[in-house]
Amino acid sequence: MEHRVLRRIARRELLALTSVSLGRIAASHLLAETSHAAQVPIHNNLRVRQGHFHARAKAVIQLVQNGGPSQMDLFDPKPALAKHAGQPHPDGVEIHQPGNKNVLLPSPFEFGRHGECGMDVSDMLPHQAGIVDKLCFVRSMHTEHNNHLEGLNMLLTCKIFPGRPVMGAWISYALGTENQNLPAYVVLRDPKGYTIGGKQLWANGFLPALYQGVEFNMSGSPVHHLKPARQLPPGVQERALNYLARINRLHLDERQGESELESRIENFELAARMQVEAMDVLDVESESPATKKLYGIDDPVRGAYGLRCLMARRLVEAGVRFVQVTTKPGQPWDHHNKLKQSMPGIATETDQGAAALVRDLEQRGMLDETIVMWAGEFGRLPTTQGDGGRDHNRNAFTIWFAGGGFRPGLAYGRTDDFGYKSVEDRVSVPDMIATVLHQLGLDHRRTRYPHAGRLETPSDVTVTGARVVGGLLSNEVHTA
């Protein structure tokens, strides 16, 4: 009988003996990924594309409330804060910045019940209080980070780090746009400057550059360098652009598959088509006096934001797929001190424009096919920071939707008695992104793009387990 001698071998020896097999396994995996990715269609144009199923909506207007609006001071009243004012939170809270006292702080603002649905809204937002029967509130949002930039990245890309495409880029990539003379994705920011994160908030990430947000100016030429610096004789510019297009196409024919080059050529050609239409779309002088008054565009406080909301409606009306509207520079909803004195400013500036947008879309018959989304990156703590302020809170915040098949007059989910954590029907940011895409006819699991050896999705579903939240929708769907 043959006896085999067993011996111990070192880890390095084992790896050396098996290196060829491990290499084969890795190569097989990468080849499988490449083969799988090859079956995914890659787009680099703005032509209209069909979704995976019937869409309730065809466009999105995203009102980004940067800074972290306080849920218990706007939409989620907590009587327990008044009852136990000055006492410590019984379980303590997650401290983000110095100056927190772990002392419960009641809201300094008055709440009232509004509309037929009886939704609670504070006196900070009287215009939004007047349209609650058209809004779908999500009181049980939660996110992953307490820093502003990471929170905004999460809200827009479902990951806290930069480098991924924002929601608007994914939607533009998947569906294209109905108007080939305008970008699919337009950004309307305050002309005084950028919010925290700057252009990162409308980045295309690893998608072709054609799908990043395009900034439009609030006055003058909508886009920088859209018009020639000096007047040219008739026909000269057209002939020059046609000649440039021919050269570009010849250059591209020799460099097939270079997406950045394709995107640059597409952008050149789009810019030429935009020269007429962009000026017309953003000319609000054609609007009626009643519409201008609705948005408050002549008001010195409310007018700037109201104008951006009006422009957003005009862009969607012209066939733009996704419009992102930001507040003034910095993080104006960030109230670490003197909440009672600080919040009225930004609330007054943004309230009328947001409500007017919903009313205007409805009266034009556009609300059913347009999703309006009002959201900040996180909420606030129920405890005191500094002199009557609140710190950041990733565990609970409120956002709202209007139109696009979201259930109107609904308050979905619940936070605990102090508003610190979402405890019932919790909704994550990836869930929210999956649900918005669903209303546009897109399955978030099948909206894919090959990158770094894997098929990426807007919700990063294989990691996050994102699902469509059917309870938010008028025609409730199975959550998946």
* Asked: Any chance the side chains of Gln385 and Asn337 put a donor and an acceptor closer than 3.5 Å?
  -> no
* To do: Enter the distance from Leu381:CG to Asn146:CG here, rounded to the nearest 0.5 Å.
  => 7.0 Å
* Can you tell me if Trp202 and Gln324 form a side-chain donor-acceptor pair at under 3.5 Å? -> no
* Is a side-chain N or O of His336 found less than 3.5 angstrom from the main chain of Asp334, in a donor-acceptor match? -> no
* Asked: Looking only at atom types and distance, does a side-chain atom of Thr327 sit under 3.5 Å from a main-chain N or O of Ile346, one as donor and one as acceptor?
  -> no
* Please find out if less than 6.0 Å separates the ring center of Tyr211 from that of His43. => no
* To do: Could you list all the salt bridge (Lys or Arg N to Asp or Glu O under 4.0 Å) pairs where at least one residue sits in residues 169-182, not counting sequence neighbours?
  => Lys58-Glu178
* Hey, does the side chain of Asp133 reach the backbone of Pro408 with a donor-acceptor pair shorter than 3.5 angstrom? -> no
* To do: Determine the interplanar angle of the Trp374 and Phe75 rings, folded into 0 to 90°, and report it as parallel if under 30°, tilted if 30 to 60°, perpendicular if over 60°.
  => perpendicular
* Between Arg390 and Asp73, is the closest basic N to carboxylate O distance under 4.0 Å? -> yes
* To do: Mind checking salt bridge (charged side-chain N to carboxylate O under 4.0 Å, His left out) for Lys340 and listing every partner two or more places apart, or none if nothing turns up?
  => none
* Non-neighbouring partners of Arg359 that pass salt bridge (charged side-chain N to carboxylate O under 4.0 Å, His left out), sequence neighbours left out -> none
* Asked: Heavy-atom distance under 4.5 Å between the side chains of Val138 and Thr398, does that happen here?
  -> no
* To do: Kindly check if the number of other-residue, nucleotide or ligand heavy atoms within 6.0 Å of CD (Gln341) is above 12?
  => yes
* Asked: Under 3.5 Å, side chain of Asn204 to main-chain N/O of Leu207, donor-acceptor pair present?
  -> yes
* Asked: Partners of Ser342 by side-chain contact (heavy atoms from CB on, under 4.5 Å), sequence neighbours excluded?
  -> His335, Lys338
* Under the side-chain hydrogen bond (donor to acceptor under 3.5 Å, both in side chains) rule, collect the residues that match up with Asp460, sequence neighbours excluded. => Lys159, Arg454
* Any luck finding a side-chain donor-acceptor pair between Ser286 and Asp283 under 3.5 Å? -> no
* Set of side-chain hydrogen bond (donor to acceptor under 3.5 Å, both in side chains) partners for Arg164, sequence neighbours left out -> Glu456
* Residue list, side-chain contact (heavy atoms from CB on, under 4.5 Å) with Asp123, at least two apart or on another chain -> Phe109, Glu110
* Residues in salt bridge (charged side-chain N to carboxylate O under 4.0 Å, His left out) with Arg414, at least two apart? -> Glu424
* To do: Would you please name every residue forming a side-chain hydrogen bond (donor to acceptor under 3.5 Å, both in side chains) with His145, sequence neighbours left out?
  => none
* To do: Determine, stepwise, if the pair Asp416 / Lys421 fulfils salt bridge (Lys or Arg N to Asp or Glu O under 4.0 Å).
  => CA-CA 6 Å; Asp416 61 38; Lys421 289 186 177 181; over 6 Å; no
* Any side-chain heavy-atom pair from Leu152 and Ile196 closer than 4.5 angstrom? -> yes
* To do: Could you tell me whether the side chain of Arg321 and the main chain of Leu175 form a donor-acceptor pair under 3.5 Å?
  => yes
* **Distance-only side-chain donor-acceptor flag, Asn66 / Gln331, under 3.5 Å** => no
* Asked: Which atom pair, heavy atoms only, marks the closest approach of Cys136 to Phe406?
  -> CB-CB, 4.0 Å
* **Spacing of CZ belonging to Phe397 relative to CG belonging to Asn393, to within rounding of 0.5 Å** => 9.5 Å
* Carboxylate-amine/guanidinium contact Asp120 Arg113, below 4.0 Å -> yes
* **Listed once per pair and sorted, the ring-ring contact (aromatic ring centres under 6.0 Å, His included) pairs that draw on residues 306-329, sequence neighbours left out** => Tyr185-Phe322
* Do Asp425 and Ser140 have side-chain N/O donor and acceptor atoms under 3.5 Å apart? -> no
* Verify the neighbour count for atom CG of Asn181: are there more than 12 heavy atoms of other residues, nucleotides or ligands below 6.0 Å? => yes
* Pairwise side-chain contact, Gln439 with Ile371, heavy-atom cut-off 4.5 Å (strictly under) -> yes
* Asked: Are the side chain of Asn179 and the backbone N or O of Ala318 linked by a donor-acceptor pair below 3.5 Å?
  -> yes
* **Test log, rule side chain to side chain contact (heavy atoms under 4.5 Å, CB included), inputs Thr383 and Asp391** => CA-CA 8 Å; Thr383 52; Asp391 200 359; over 6 Å; no
* To do: Tell me, with the steps shown, if His438 and Phe53 meet ring pair (Phe, Tyr, Trp, His ring centres under 6.0 Å).
  => CA-CA 9 Å; His438 180 275; Phe53 41 78; 4.9 Å; yes
* List the steps, then state whether side chain to side chain contact (heavy atoms under 4.5 Å, CB included) holds for Ser107 with Met72. => CA-CA 7 Å; Ser107 177; Met72 67 277 297; 5.5 Å; no
* For the pair His96 and Asn147, evaluate side chain to side chain donor-acceptor pair (under 3.5 Å) and give the outcome as yes or no after the intermediate values. => CA-CA 8 Å; His96 176 59; Asn147 281 342; 3.1 Å; yes
* **Ring center gap for Tyr173 and Tyr449 short of 6.0 angstrom** => yes
* Is there a donor-acceptor pair under 3.5 Å between the side chain of Arg189 and the backbone N or O of Val325? -> no
* **Between Tyr194 and Glu215: side-chain donor-acceptor atoms closer than 3.5 Å** => yes
* To do: Examine the side chains of Lys78 and Thr415 and answer whether a donor and an acceptor come within less than 3.5 Å of each other.
  => yes
* Would a distance-only check, ignoring hydrogens and angles, find a side-chain to backbone donor-acceptor pair under 3.5 Å from Gln71 to Arg380? -> yes
* May I have the step-by-step check of side chain to side chain contact (heavy atoms under 4.5 Å, CB included) for Thr177 and Val48, ending in yes or no? => CA-CA 5 Å; Thr177 187; Val48 175; 6.0 Å; no
* Contacts of type side-chain hydrogen bond (donor to acceptor under 3.5 Å, both in side chains), residue Glu317, not counting sequence neighbours -> Arg313
* Hey, does the side chain of Arg314 reach the backbone of Asp280 with a donor-acceptor pair shorter than 3.5 angstrom? -> yes
* Does a side-chain N-to-carboxylate-O contact under 4.0 Å join Arg394 and Glu144? -> no
* Given the rule in the side chain to side chain donor-acceptor pair (under 3.5 Å) test, do Asp190 and Tyr305 qualify, once you have shown the distances and angles that lead to the verdict? -> CA-CA 8 Å; Asp190 192 312; Tyr305 190 80; over 6 Å; no
* Structure fact -> Across all chains, not counting sequence neighbours, the salt bridge (charged side-chain N to carboxylate O under 4.0 Å, His left out) partners of Glu285 are Lys292
* Test item: Asp351 side-chain N/O and His127 main-chain N/O as donor-acceptor pair under 3.5 Å -> yes
* To do: Measure the spacing between OG1 of Thr195 and NZ of Lys199 and express it to the nearest 0.5 Å.
  => 12.5 Å
